[in-house]
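Note that this is a predicted model, so its numbers are computed, not measured. All ligand and atom numbering here is 1-based and tracks the order in the structure.
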Amino acid sequence: MKFGGTSVADLDRIRNVARHVKREVDAGHQVAVIVSAMAGATNQLVEWCRAAATLHDAREYDAVVASGEQVTAGLLAIVLQSVGVTARSWQGWQIPILTTNAHGGARILDIDGAELIRRFKERREVAVISGFQGFHKETGRITTLGRGGSDTSAVAVAAAISADRCDIYTDVDGVYTTDPRVVPKARRLAKIAFEEMLELASLGAKVLQVRSVELGMVHNVRIFVRSSFDRPEDIDPHGTPPGTLICNEEDIVEQQVVTGIAFSKDEAQISIRRVEDKPGVAAAIFGPLAEANINVDMIVQNVSSDGATTDLTFTVPAADYERAAEVLKGSQGVIGYQRLDGANDVAKVSVIGIGMRSHAGVAARAFRALADRGINIRAITTSEIKFSLLIDAAYTELAVRTLHSLYGLDR
Ligand code: ADP
Ligand code: ASP
Ligand code: MG
């Protein structure tokens with residue numbers, strides 16, 4: 001059972017979480033619980049690091065931001081004990097949850113679940129585990145898994161203890177066709193395939209961290225997204241509560257062409273004008289960006305009309321926009337281009353569905369619908385089960401709603 005930030009936002013909510021846990025324990029289930037920091041806590045910790053020094057030691061950043069989860073794990077253990085459930089809190093290093101040393105974005109390498117299982121079997125002791133954090137063995141330092149990382153902690157622990165299910169309790173009662181905060185008509189999906197959830201998450205839907213879906217797919221963990229706000233006592237621990245199951249494609253009987261729509265305003269566009277059209281130019285542009293650890297996403301290059309120069313457009317995360325521009329200006333001589341244009345006020349809207357593999361013309365309908373609304377498309381990328389459109393950020397909501405109706409997701 002994993003509980004996110006809003007689900008543990010204060011003591012009342014933590015008491016509510018304890019009732020969910022108690023219900024499952026009383027029903028005879030063996031459970032491990034993973035908790036996030038209280039809502040807003042991690043943001044505050046990140047902000048303090050930034051205010052202390054804009055450029056700071058990533059190991060110390062992790063020492064600071066990992067603390068939020070320690071508080072909630074301890075508090076939940078106290079509350080569980082007070083309602084008669086045997087419980088013990090665990091930090092990442094105590095289990096240990098072993099990770100790489102990529103501070104701020106570490107990957108889980110190994111978790112030994114034996115002790116957790118033994119304690120539950122012998123004394124019905126519920127483990128309350130701090131999400132988001134891990135431990136790098138060689139340096140002995142605490143690490144964190146990147147924002148939203150408690151989802152990944154939960155799926156990894158579920159795999160380590162061979163859990164029947166990994167329930168992700170959050171502030172919505174499942175995965176919706178798009179963010180329900182933006183489109184009130186969005187509908188809850190009963191099931192969604194791992195591949196689709198992977199796309200949805202990596203293209204902007206923050207309901208699950210991308211890495212958690214990857215892990216679930218590799219280890220075949222049944223991930224179930226559900227609400228912590230349903231009254232714990234109204235739920236039948238042996239029944240099927242409302243929620244969304246992330247599962248294999250074959251387990252979905254009625255596959256739609258389009259399953260969901262994701263969007264991200266966290267994009268910036270960079271256009272390099274009149275680049276020399278010769279071998280090695282792309283390498284000269286993207287090599288230095290990769291070295292600077294800047295992720296490049298959509299890339300559009302024109303075929304040169306004069307045989308000499310061309311234009312190249314691509315996107316980077318908004319937070320890296322200035323840095324990317326600096327890097328490119330620094331290598332203008334090597335690349336050989338005339339002008340660099342950029343825009344920070346762009347958004348990426350993506351349409352996802354496994355059914356696209358076998359249906360033609362899905363994207364073409366979107367182009368027409370957006371044109372009818374006067375929305376200009378700056379760049380397009382496609383893959384087997386999704387396509388993404390780069391548009392002006394001001395039109396994001398309109399575009400998402402338009403596409404949501406267009407593909408029949410409102411119904
Ligand atoms: P938690 O704190 O529990 O980890 P998050 O805030 O990380 O919760 O994720 C839940 C939020 O994800 C929801 O409140 C919702 O606004 C947002 N969200 C974005 N896209 C979707 C989607 N397709 N389905 C459900 N929720 C979504
Ligand atoms: N508390 C961390 C964050 O806000 C991890 C999580 O909540 O999943 O990013
Ligand atoms: Mg989250």
Q. What is the nearest protein non-hydrogen atom to atom 14 (O) of ligand 1, stated with its residue, atom name and distance?
A. Arg181 NH2, 2.5 Å

Q. Does any N or O atom in Gly148 lie less than 3.5 angstrom from one in ligand 2, N or O only?
A. yes

Q) Closer than 4.0 angstrom: is that true for some heavy atom of Ser228 and an atom of ligand 1? A) no

**Q.** Atoms in ligand 1 with a heavy atom of Lys2 nearer than 4.0 Å
**A.** 4 (O)

Q) Based purely on interatomic distance, does Ser150 place a nitrogen or oxygen under 3.5 Å from a nitrogen or oxygen of ligand 2? A) yes

Q.
How far is atom 7 (O) of ligand 1 from the closest protein heavy atom, and which atom is that?
A. Lys206 O, 3.5 Å

Q: Answer yes or no: is there an ion pair linking Asp341 with Arg273, defined by an N-O contact shorter than 4.0 Å?
A: yes

**Q.** Numbering as shown, the atoms of ligand 2 that approach Ser36 to under 4.0 Å (heavy-atom distance)
**A.** 6 (C), 7 (O), 8 (O)

Q: Starting from the C-alpha separation in whole Å, work towards a yes-or-no answer on side-chain hydrogen bond (donor to acceptor under 3.5 Å, both in side chains) for Glu69 and Gln133.
A: CA-CA 8 Å; Glu69 272 71 10; Gln133 48 165 270; 5.5 Å; no

Q: In plain terms, say whether Arg323 and Asp320 are close enough for a salt bridge, that is, a side-chain N and a carboxylate O under 4.0 Å apart.
A: yes

Q) Near Gly4, which atoms of ligand 1 are under 4.0 Å from a heavy atom of that residue? A) 1 (P), 2 (O), 3 (O), 4 (O)

Q: Hey, could you give me each pair passing ring-ring contact (aromatic ring centres under 6.0 Å, His included) that has a residue in residues 76-120? Not counting sequence neighbours.
A: none

Q.
I'd like to know if Arg226 pairs up with Asp173 as an ion pair, taking the criterion as any Lys NZ or Arg NE/NH1/NH2 lying under 4.0 Å from an Asp or Glu carboxylate oxygen.
A. no

Q) Counting only heavy atoms, which portion of Thr178 has something under 4.0 Å from ligand 1: side chain, backbone, both, or neither? A) backbone

Q. Does the cation-pi check pass for Arg165 over Phe224, that is, NZ or CZ under 6.0 Å from the six-membered ring centre and within 45° of its axis?
A. yes

(Q) Could you check whether Arg118 pairs with Glu115 (Lys NZ or Arg NE/NH1/NH2 to Asp/Glu carboxylate O, under 4.0 Å)? (A) yes

Q: Examine the proximity of ligand 1 to Val172 and report which part, side chain or backbone, both or neither, has a heavy atom under 4.0 Å away.
A: side chain

Q) If you measure from each heavy atom of Gly260 to ligand 1, is any distance below 4.0 Å? A) no

Q) Which class fits the ring pair Phe314 and Phe286: parallel under 30°, tilted 30 to 60°, perpendicular over 60°? A) perpendicular

Q | Where ligand 2 meets Arg147 - atom numbers and elements under 4.0 angstrom, heavy-atom basis | A | 3 (C), 4 (O), 9 (O)

Q) Is there a heavy atom in Gly131 that sits closer than 4.0 Å to ligand 2? A) no

Q) Is it true that Gln209 lies under 4.0 Å from ligand 2, counting heavy atoms only? A) no

Q | With Tyr61 via ring-ring contact (aromatic ring centres under 6.0 Å, His included) - residues at least two apart | A | His56

Q) Would you call Lys2 and Asp151 a salt bridge, using N to O less than 4.0 angstrom? A) yes

Q: Could you list the atoms of ligand 1 found under 4.0 angstrom from a heavy atom of Asp171?
A: 10 (C), 11 (C), 13 (C), 14 (O)

Q | Distance-only N or O hit between ligand 1 and Pro180, under 3.5 Å | A | no

Q. N/O to N/O below 3.5 Å, does that happen between Asp179 and ligand 1?
A. yes

**Q.** Check ion pair Asp345-Lys265 (N to O, under 4.0 angstrom)
**A.** no

Q) Are any side-chain N or O atoms of Glu267 and backbone N or O atoms of Thr315, one a donor and one an acceptor, separated by less than 3.5 Å? A) no

Q: Number the atoms of ligand 1 from 1 as they appear, then name those within less than 4.0 Å of a heavy atom of Thr170, with their elements.
A: 1 (P), 3 (O), 8 (O), 10 (C)

Q. What protein heavy atom is closest to atom 2 (O) of ligand 1, reported as residue, atom name and distance in Å?
A. Gly5 N, 3.1 Å

(Q) Using a 4.0 Å cut-off to any heavy atom of Tyr176, which atoms of ligand 1 qualify? (A) 22 (C), 23 (N), 24 (N), 25 (C)

Q: Give a yes or no on whether a salt bridge exists between Asp26 and Arg23, defined as a side-chain N under 4.0 angstrom from a carboxylate O.
A: no

Q: Could you establish whether Arg147 and ligand 1 come within less than 4.0 Å of each other, counting only heavy atoms on the residue side?
A: no

Q: Output yes when Asp392 and Arg378 qualify as a salt bridge under the 4.0 Å nitrogen-oxygen rule, no when they do not.
A: yes

Q: Look at atom 25 (C) of ligand 1 and say which protein heavy atom is nearest, naming residue and atom and giving the distance to 0.1 Å.
A: Gly174 O, 3.4 Å

Q) Out of Ala205, Ala186, Ser227, Gly131, who gets a non-hydrogen atom closest to atom 20 (N) of ligand 1? A) Ala205

